[in-house]
2 protein chains.
Amino acid sequence: MKILITSGGTTEAIDAVRGITNHSTGKLGKKIAETFLNQGHQVTLITSKEALKPQPQPLLNLNIVTCVADLQDALKKNVPNHDVLIHAMAVSDYTPVYMTDLDELRQVSDLDQLLDKSNSEKKITSQADCQVLFLRKTPKLISQVKQWHPEIRLIGFKLLVNVSKETLIRVARDSLVQNKSDLIVANDLNQITKDQHKAFLVGPDFLYEANSKKDIAQLIYKEVTKHD
Amino acid sequence: MKILITSGGTTEAIDAVRGITNHSTGKLGKKIAETFLNQGHQVTLITSKEALKPQPQPLLNLNIVTCVADLQDALKKNVPNHDVLIHAMAVSDYTPVYMTDLDELRQVSDLDQLLDKSNSEKKITSQADCQVLFLRKTPKLISQVKQWHPEIRLIGFKLLVNVSKETLIRVARDSLVQNKSDLIVANDLNQITKDQHKAFLVGPDFLYEANSKKDIAQLIYKEVTKHD
């Protein structure tokens with residue numbers, strides 16, 4: 001099978017020297033990639049420069065991206081010729097549009113004007129005590145995947161922080177329907193430590209529980225290959 | 001001599017999953033550290049998790065920091081017992097205070113109220129098309145160094161983007177006076193590529209020009225050790 005995996009986190013530039021990063025080590029994506037590679041499957045891994053990656057090997061194709069726009073291009077190109085997408089990347093929900101200070105904010109009569117602005121300096125400097133950064137929602141890529149390839153098997157991830165098991169599972173079920181996914185891996189940042197990675201794998205008619213990255217990778221592998 | 005070096009870039013958290021990072025590979029700090037280590041000097045390197053670092057070795061002390069507050073603690077602790085500080089880290093000028101949306105921004109009568117707020121959610125979620133992030137200036141650490149140790153030799157860095165040689169040198173001279181530094185390395189992001197790193201080393205009575213990270217490290221080494 002041809003498996004497409006995303007891992008790591010995207011970074012949206014504020015200017016030439018600063019960016020907003022969604023933190024993700026890439027460890028889980030690496031583990032999942034290795035699980036498929038070890039069984040002889042072809043893997044395309046779309047990931048960030050900083051993320052952990054499997055060793056280079058003939059069956060592995062690496063595709064390095066930085067921001068959501070890069071990721072969108074990479075997905076559009078790769079989704080149509082893969083059988084499965086495992087979308088583990090931490091994708092920025094918002095991207096910077098314009099940075100200003102309180103003085104300009106106080107003077108403007110219509111806030112929407114600021115959203116049409118952009119900063120001309122490559123490195124935004126300011127003497128002001130406060131800065132104000134306007135951000136705009138990024139396109140929700142996971143919801144577009146099935147338009148690019150209706151038959152692809154889609155596995156999504158939901159990361160929440162400090163919520164109940166019930167909330168995790170409910171949010172996963174919602175995402176399953178909303179994004180036409182085949183499986184959602186729901187996890188809580190507070191349940192992820194060096195040696196543990198609790199997660200619920202939620203499908204239309206199943207619910208698995210995992211305690212480690214290895215568990216998650218093996219459960220995904222089993223689910224994806226069960227009809228082969 | 002006991003040399004204190006900072007390298008890499010700081011990250012200021014927006015919430016549990018996102019942060020604003022000042023990009024820096026740590027390559028230059030690594031090169032400078034190695035230059036001193038190879039000559040038998042003791043080096044304390046304060047750096048970020050992601051930055052490139054020299055191989056572990058007896059003369060090298062590593063101190064990993066994330067944000068400006070961490071860096072301030074590490075500097076306060078280490079500056080008093082070192083002879084030289086080479087402050088190459090890309091330090092965040094501003095840190096996030098409060099994230100909201102346009103609706104709240106439109107309704108608030110006094111913007112300063114928002115600066116007293118903070119987000120209670122660990123992962124800030126929003127359905128809004130736009131987010132607005134308020135940031136506050138971080139303390140300028142380099143200007144405090146000589147208060148913590150008046151005799152320390154202080155080497156600062158100025159990174160600008162797409163400016164003239166004259167501007168680079170002028171800004172370096174200003175920083176030299178303002179921060180009571182002994183040497184400022186001024187560089188332009190547009191003049192830094194994989195194989196090249198142009199910089200001006202500006203002192204009270206000298207001006208050197210460097211073309212590579214190796215040049216910069218050697219010129220700093222020469223300047224720091226010239227009176228020994």
Side-chain angles (χ1 to χ4, degrees), chain A residues 9-25 49-51 66 90 92-103 105-106 108 110-112 114-115 121-138 158-163 171 188-190, chain B residues 9-25 49-51 66 90 92-103 105-106 108 110-112 114-115 121-138 158-163 171 188-190:
Chain A
T10 55
T11 296
E12 300 296 307
I14 295 175
D15 57 21
V17 300
R18 279 183 295 179
I20 298 183
T21 297
N22 276 51
H23 304 303
S24 178
T25 58
K49 206 174 64 180
E50 296 78 14
T66 301
S92 309
D93 288 331
Y94 290 83
T95 190
V97 176
Y98 180 60
M99 176 82 93
T100 184
D101 55 26
L102 291 182
D103 284 347
L105 194 53
R106 283 197 183 96
V108 79
D110 177 8
L111 285 174
D112 290 318
L114 296 179
L115 290 161
E121 319 99 291
K122 297 265 172 66
K123 180 179 182 177
I124 303 167
T125 51
S126 170
Q127 301 304 315
D129 281 341
C130 296
Q131 284 188 330
V132 187
L133 179 63
F134 288 82
L135 304 106
R136 197 186 288 278
K137 218 176 176 58
T138 57
K158 270 283 167 192
L159 178 67
L160 300 173
V161 184
N162 203 24
V163 297
V171 168
D188 186 318
L189 193 63
N190 283 4
Chain B
T10 55
T11 296
E12 299 297 307
I14 295 175
D15 58 20
V17 300
R18 279 183 294 179
I20 299 184
T21 297
N22 276 52
H23 304 303
S24 177
T25 58
K49 206 175 65 179
E50 296 77 15
T66 302
S92 310
D93 288 330
Y94 290 84
T95 189
V97 176
Y98 181 60
M99 175 83 92
T100 184
D101 55 26
L102 292 182
D103 285 346
L105 193 53
R106 282 196 183 96
V108 79
D110 177 8
L111 284 175
D112 290 316
L114 296 179
L115 289 161
E121 316 98 292
K122 298 267 173 64
K123 180 179 183 179
I124 304 167
T125 51
S126 172
Q127 300 305 314
D129 282 341
C130 295
Q131 284 188 330
V132 187
L133 179 63
F134 288 83
L135 304 106
R136 196 186 288 280
K137 219 176 176 59
T138 57
K158 271 282 167 194
L159 178 67
L160 300 173
V161 184
N162 202 24
V163 298
V171 168
D188 186 318
L189 193 63
N190 284 4

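Note that these values count all heavy atoms, side chains included, but never hydrogens, waters or copies made by symmetry. All values reported here derive from a predicted model rather than from experimental measurement.
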Taking the side chain as every heavy atom from C-beta outward, state whether B/Leu111 and A/Val132 have any pair of such atoms under 4.5 Å apart.
no
Would you check if A/Leu135 and B/Met99 make a side-chain contact, meaning some heavy-atom pair closer than 4.5 Å?
yes
Considering non-hydrogen atoms only, spot the tightest contact between A/Gly19 and B/His23 and give its length.
N-NE2, 3.6 Å
What closest approach, in Å, do A/Asp129 and B/Tyr94 show between heavy atoms, and which atom pair accounts for it?
O-CE2, 3.9 Å
Output the option from B/Leu133, B/Asp112, B/Asn22, B/Leu102 having the highest count of non-hydrogen pairs under 4.5 Å with chain A.
B/Leu133
Top contributor to chain A interface from B/Val97, B/Leu105, B/Thr11 [non-hydrogen pairs under 4.5 Å]
B/Leu105
Hey, what do you get for CG (B/Asp101) to NZ (A/Lys137), rounding to the nearest 0.5 Å?
10.5 Å
Looking only at heavy atoms and a cut-off of under 4.5 Å, which of A/Gly9, A/Ala128, A/Ala90 has the most pairs with chain B?
A/Ala128
So which of A/Arg106, A/Gln131, A/Arg18 has the largest heavy-atom pair count under 4.5 angstrom toward chain B?
A/Gln131
Non-hydrogen atoms of chain A under 4.5 Å away: do they reach the side chain of B/Ser24, the backbone, both or neither?
neither
Among A/Asn162, A/Asp188, A/Leu159, A/Leu189, find the one that has a side-chain contact (heavy atoms from CB on, under 4.5 Å) with B/Lys123.
A/Leu159
